[in-house]
> 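To start, I am sharing the structure in question, which I have written as structure tokens.
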Amino acid sequence: MPIDLESRGPVAILTLNRPEALNALSPELLDELEERLAAVERTPRAQVVVLTGAGDRAFSAGADIGHMQSASALEARAYARRGHEITDRIEDFPKPVIAAVNGYALGGGCELALACDIRIAAESARFGQPEVNLGIVPGWGGTQRLARATSLGFAKEMILTGRPVDAAEALRVGLVNHVHPREELLDRAVEMAEAIASKPAWTIASAKALCNLALDGDLKGHLQREIDAFALAFTTPEQREGMTAFFEKRPPRFSEL
Ligand code: CO8
């Protein structure tokens with residue numbers, strides 16, 4: 001199977017499993033990733049996703065160069081669109097997705113990680129947008145999401161030079177939130193996922209959707225949406241329980257609602 005799905009309590013771990021090609025994102029792998037995400041979406045118990053790569057070498061070395069080598073412009077357009085469908089699906093997924101970057105995250109692999117809500121990395125991780133070395137430009141969102149995750153200047157440096165960035169530098173520029181030894185990476189990702197899963201699912205989905213608007217252009221409209229979503233929270237039992245628990249000086253019991 002090019003994608004493994006493992007459940008650990010409320011956490012669904014999706015593993016890109018094509019280590020012989022450094023988990024390159026073939027069309028088959030993208031199809032299966034979409035199917036797995038749909039299965040996770042249908043499973044109420046699965047509340048947070050951790051996305052990682054099989055093996056010690058790569059999260060993903062990007063789009064499948066073999067598939068692209070002799071592609072026509074129309075075929076390349078279809079492949080780019082397919083990647084966008086998946087990255088948009090992850091960005092808009094109603095449950096948080098944490099990327100546990102266990103090695104190379106290059107080209108489409110970096111772009112896949114960028115579509116996730118939170119990135120943590122192994123000390124051995126390497127990020128890069130090496131498309132210029134192949135005579136192409138990033139095609140799965142890298143020209144937009146990398147600048148949003150870091151800064152426009154840093155994104156331009158990565159994209160225009162193709163220079164890979166190690167985990168320490170990725171941490172410094174905000175591309176990842178934490179760096180861990182390789183052997184601890186998955187456990188740390190699952191711990192973070194469990195912490196998120198302990199909160200009310202509706203609140204988490206709403207907060208994710210709102211945060212996604214933060215870097216869009218329409219600040220005033222999005223601030224209004226925040227006001228509306230804030231008010232809507234007060235129609236839920238989770239808000240009553242959370243605030244009651246605060247004054248009763250006890251942890252909230254969201255799971256019983
Ligand atoms: N696609 C297909 N196969 C790959 C890929 C890839 N992206 N990356 C590695 N492989 C394969 C290699 O061909 C090799 O296979 P084999 O053993 O059969 O020869 C195997 O994985 C191991 O790789 P290497 O032998 O090269 O391992 P090294 O340790 O020497 O090097 C690197 C590791 C540095 C990661 C090197 O493999 C590399 O540079 N890979 C390519 C990275 C890259 O350029 N990625 C960007 C691809 S373009 C892209 O992602 C654009 C996304 C948007 C597309 C839009 C659609 C048009």
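No experiment lies behind these values; they were computed from the predicted model shown. Order of appearance sets the numbers: ligands from 1, and atoms from 1 within every ligand. All values below come from the heavy atoms of this structure, side chains included, with hydrogens, waters and symmetry mates left out.
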> Answer yes or no: is there a donor N or O on one side and an acceptor on the other, between the side chain of His84 and the main chain of Gly139, under 3.5 Å?
yes
> Check Ala63 against ligand 1 and report side chain, backbone, both or neither, counting heavy atoms closer than 4.0 Å.
both
> Could you pull out all residues at least two apart from Asp56 that satisfy side-chain hydrogen bond (donor to acceptor under 3.5 Å, both in side chains)?
Arg182
> Test your reading of the model: is there a side-chain donor-acceptor pair from Asp4 to the backbone of Asn17, 3.5 Å cut-off?
no
> Does Ala21 have a heavy atom less than 4.0 Å from any atom of ligand 1?
yes
> Glu20 heavy atoms, cut-off 4.0 Å: which ligand 1 atoms fall inside?
20 (C), 21 (O)
> Yes or no, since that's all I need: does a protein heavy atom fall within a distance strictly under 4.0 Å of atom 18 (O) of ligand 1?
no
> Check whether any heavy atom of Pro138 sits under 4.0 Å from an atom of ligand 1.
no
> Can you tell whether the side chains of Lys208 and Asp92 come within less than 4.0 Å, N to carboxylate O?
no
> Atom 56 (C) of ligand 1: which of Ala80, Pro130, Gly139, Gly162 has the nearest heavy atom?
Ala80
> If you scan the protein for heavy atoms around atom 24 (P) of ligand 1, do you find one that is closer than 4.0 Å?
no
> Return a yes/no value: protein heavy atom under 4.0 Å from atom 1 (N) of ligand 1?
yes
> Is atom 28 (P) of ligand 1 touching the protein, meaning some protein heavy atom lies under 4.0 Å away?
yes
> Verify salt bridge (Lys or Arg N to Asp or Glu O under 4.0 Å) between Glu169 and Arg163, making sure each step is shown before the conclusion.
CA-CA 12 Å; Glu169 188 171 11; Arg163 174 174 78 81; 2.9 Å; yes
> At a 4.0 Å threshold, what atoms of ligand 1 neighbour a non-hydrogen atom of Ala24?
1 (N), 2 (C), 6 (C)
> Using side-chain heavy atoms (C-beta onward) and a distance below 4.5 Å, is Tyr79 in contact with Trp140?
yes
